[in-house]
Amino acid sequence: MKLRIETAGMEALMVRLFDTIDVTNMAWILAADHALRDAFGEALVDLLPSYTTLLLHYDCRKLSHAEAQARIQDALTGLTPADTQQGQRHEIPVWYDESVGPDLERVAKRAGISVAELIEQHCQDDYCVFALGFAPGYGFMGLVDNTIATPRLTTPRRHVAAGSVGIADRQTAIYPLPSPGGWNVLGRTAVPLFEHAKRGEPLLRPGDSVRFRSISRAEFEAQGGDTTPMEERS
Amino acid sequence: MSQASLVVNQVGPLALIQDAGRFGVGHLGITQGGAADWIAFYWANWLLGNPLNSAALEIVMGGGLTLEAEGEVTLALTGADLAATLDGEPLAPNASVTLRSGQQLVFQQPRQGLRAYLAFPGGLEAPEVLGSRSCTVREQLGGLQENGQPLKAGERLTWRGNTHQPRTLPEGLALRMPTSGCRLPMVLGSQVASFSGNSLYQAFNTPWQVDNRADRMGVRLTGPVLGGTLKGIVSEGIPLGAVQVPPDGQPIVLMNDRQTIGGYPRLGALTPSACATLAQCLPGTQVWLTPVSASQAQADYRRQFAHWASD
């Protein structure tokens with residue numbers, strides 16, 4: 001970890017700890033998140049941790065830019081990594097099917113494997129939640145195995161259904177809400193990520209780990225999943 | 001006396017309930033939202049003696065939005081001049097207005113600026129979601145039905161307080177909408193050094209045009225093509241006003257409803273006051289990006305707040 005404090009806006013400072021994405025960053029990002037929340041208290045407006053950075057928005061009617069910089073420096077001096085074992089483990093049931101996962105076949109073909117093997121591979125690893133962003137409750141997770149890593153669509157879809165599970169390069173994520181999006185969609189989950197986020201209690205938090213489990217259409221429906229095919233919604 | 005209300009007889013392109021925004025939840029992936037021209041919004045509440053953060057209506061373009069009073073009420077109208085009339089009579093901008101039962105308030109088309117703010121006694125009545133009444137369409141948060149939807153015909157607006165003696169703007173204070181050639185102060189970010197020397201020269205020495213691809217999420221500027229050594233970056237938090245430059249070299253200023261994290265290199269971030277200015281610029285308006293230090297911007301910001309503290 002190498003601490004750099006950069007100006008990002010009138011009352012925003014970018015706390016940069018790393019240059020590249022790595023699962024081992026998370027212990028430091030989480031520790032810095034706690035330390036900065038404690039150090040800023042009421043003067044903190046928002047703190048947005050991501051893969052390698054934390055964006056800190058303070059209240060400039062309470063602190064000057066120089067005071068905020070000094071406070072970050074103090075808070076993070078002698079920082080020790082957080083215990084990432086404390087993150088929650090989630091199992092997310094996914095119905096992998098062409099009707100709700102229109103990119104299954106293309107991603108499998110590109111990887112030179114069958115659709116069944118692709119599903120097995122996607123369900124085989126524990127994924128780390130690196131950051132929340134893009135939409136309420138949307139967790140950026142990774143890293144998926146190199147064999148199934150697939151670049152984003154050249155032209156994003158205008159409509160990706162809520163619950164869609166996708167991959168982009170070595171990342172994987174779930175769309176909490178219907179939205180435009182360019183990720184390769186493999187399936188759909190009935191887990192209500194948006195409803196959790198709306199209550200201020202997101203299901204997925206940075207540092208958590210996620211494993212996907214393949215379920216049948218019947219199970220998906222029993223969980224309240226929406227089986228409307230993706231094309232009918234575009 | 002029964003509670004007075006306003007009924008929406010006709011809607012225009014977009015009218016949203018907004019307060020100062022949704023703060024402290026960015027780490028959940030939830031955007032800030034809030035009044036895009038927060039200065040006009042605060043003045044509207046100040047005119048009524050409301051807490052500054054009281055929920056008001058952000059009216060974009062006008063376009064025939066018609067509100068009819070049921071009972072008497074005093075409101076305050078600030079921001080853009082949308083050719084507003086009360087029973088056909090033109091209204092003075094940046095002032096309070098009293099509606100009697102049956103009177104109709106109509107917003108027609110932008111003459112100056114883009115967004116008008118209509119404040120209500122004690123603030124609009126709307127459910128609070130995660131500490132704010134701001135309406136974010138994309139995130140389905142806030143608004144009358146708690147689903148982020150804009151105002152619809154037939155809906156009824158009610159408010160939380162009673163009418164008090166409204167204020168008038170301080171003597172000599174003119175609230176003007178931006179005109180072509182206006183300056184947008186901007187705090188430079190660390191990635192500024194990754195842009196080419198020529199791009200930096202052009203960024204700050206040529207005018208930019210506000211594009212018609214502009215909404216509460218972001219405003220595109222068109223002009224010289226900017227470039228540098230960075231094509232993309234590891235996704236990181238996006239502050240209000242961030243001026244990001246995607247591969248096509250045309251900057252996008254990220255506004256209140258921006259996504260919380262993103263991966264394009266940035267020149268820096270407009271100050272909150274500059275964001276308020278930009279939120280009032282019609283497509284085609286010429287703007288200049290003007291570097292300012294964070295300390296100077298903060299001094300200006302605190303001076304702005306001093307207006308509202310005094311009374």
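Just the heavy atoms: all of them, side chains too, but no hydrogens, waters or symmetry mates, feed the values below. Throughout, a chain's letter reflects where its sequence line sits, starting with A, and its residues are numbered from 1.
If you measure heavy-atom distances from A:Pro206 to chain B, you find no contacts under 4.5 Å at all. For a residue to count as touching a neighbouring chain, one of its non-hydrogen atoms must lie under 4.5 Å from one of that chain's; by this rule A:Asp33 does not touch chain B. Neither the backbone nor the side chain of A:Ala66 comes within contact range of chain B; no heavy atoms are under 4.5 Å apart. For A:Leu55, the part sitting under 4.5 Å from any heavy atom of chain B is the side chain, from C-beta outward, and nothing else. Residue A:Phe194 touches chain B through its side chain alone, counting heavy-atom pairs closer than 4.5 Å. With a 4.5 angstrom heavy-atom cutoff, B:Gln191 touches chain A only via side-chain atoms. For A:Leu47, the part lying near chain B is the backbone, with the side chain staying farther off; criterion is any non-hydrogen pair under 4.5 Å. Of the two parts of B:Tyr301, only the side chain, counted from C-beta on, holds a non-hydrogen atom closer than 4.5 Å to a non-hydrogen atom of chain A. Only the side chain of B:Leu141 comes within less than 4.5 Å of a heavy atom of chain A; its backbone N, CA, C and O stay farther away. Residue A:Phe140 touches chain B through its side chain alone, counting heavy-atom pairs closer than 4.5 Å. B:Leu240 does not touch chain A: none of its heavy atoms, backbone or side chain, sits under 4.5 Å away. In this structure, the portions of B:Arg138 lying under 4.5 Å from any heavy atom of chain A include both its backbone and its side chain. Contact of B:Val234 with chain A is made through the side chain alone, with heavy-atom distances under 4.5 Å. Residue contact with chain B, scored on non-hydrogen atoms closer than 4.5 Å, involves the backbone of A:Leu63 exclusively.
The closest side-chain donor-acceptor pair between B:Gln145 and B:Glu155 falls under 3.5 angstrom. Using modelled atom types, one finds a donor on one side chain and an acceptor on the other under 3.5 Å when comparing B:Asp19 with B:Ser134. Side chain to side chain, A:Asp46 and B:His27 fail the donor-acceptor criterion of an N or O pair below 3.5 Å. A side-chain donor-acceptor contact under 3.5 Å links A:Tyr58 and A:His65.
The candidate with the highest count of non-hydrogen atom pairs below 4.5 Å against chain A, out of B:Ala242, B:Gly268, B:Gly189, B:Ser235, is B:Ser235. Contact count against chain A (heavy-atom pairs under 4.5 Å) is highest for B:Arg302 among B:Gln32, B:Glu146, B:Arg302. When each of A:Thr7, A:Thr20, A:Leu54 is scored by its heavy-atom pairs under 4.5 Å with chain B, the top score falls to A:Thr7. Ranked by non-hydrogen atom pairs under 4.5 Å with chain B, the options A:Glu11, A:Arg61, A:His196 are led by A:Arg61. Counting heavy-atom pairs under 4.5 Å between each of A:Lys198, A:Glu6, A:Glu201 and chain B puts A:Lys198 at the top. Listed options A:Cys60, A:Ala12, A:Ser50, A:Gly9 were ranked by heavy-atom pairs under 4.5 angstrom with chain B; first place goes to A:Cys60. In terms of heavy-atom pairs under 4.5 Å with chain A, the best-connected choice from B:Val25, B:Thr136, B:Leu28 is B:Leu28. Contact count versus chain A (heavy atoms, under 4.5 Å) is highest, among B:Val292, B:Leu130, B:Ile233, B:Ile238, for B:Leu130. Interface check for chain B: of the options A:Arg199, A:His57, A:Arg205, A:Arg16, the most heavy-atom pairs under 4.5 Å are formed by A:Arg16.
Interatomic distance, CD of A:Glu67 versus CD1 of A:Ile72, reported as 12.5 Å (0.5 Å rounding). For the atom pair B:Asp300 CG and B:Thr271 OG1, the distance stands at 8.0 Å (nearest 0.5 Å).
What you find for B:Asn45 and B:Ser54 is that their closest heavy atoms are ND2-O, 2.9 Å. Taking both residues in full, the closest heavy atoms of A:Met230 and A:Pro102 are given as CE-CG, 3.9 Å, listed atom of the first, atom of the second, then distance.
Enclosure of atom OH in B:Tyr201 is not indicated, since only 12 or fewer non-hydrogen atoms of other residues, nucleotides or ligands lie within 6.0 angstrom.
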Kindly determine whether A:Asp38 and A:Leu36 satisfy side-chain contact (heavy atoms from CB on, under 4.5 Å), including the steps that lead there.
CA-CA 5 Å; A:Asp38 285 350; A:Leu36 292 170; over 6 Å; no

Between B:Glu58 and B:Arg216, is the salt bridge (charged side-chain N to carboxylate O under 4.0 Å, His left out) condition met? List the steps.
CA-CA 11 Å; B:Glu58 179 176 286; B:Arg216 290 181 43 84; 2.9 Å; yes

Worked verdict on B:Thr260 versus A:Phe134 for side-chain contact (heavy atoms from CB on, under 4.5 Å)
CA-CA 6 Å; B:Thr260 53; A:Phe134 179 69; 6.0 Å; no

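Taking the ring centre of A:Phe40 as origin, the terminal cationic atom of A:Arg71 falls inside the region bounded by 6.0 Å and 45° from the ring axis.
Screening B:Val187, B:Leu188, B:Val253, B:Val245 for a side chain to side chain contact (heavy atoms under 4.5 Å, CB included) involving B:Leu267 leaves a single residue, B:Val245.
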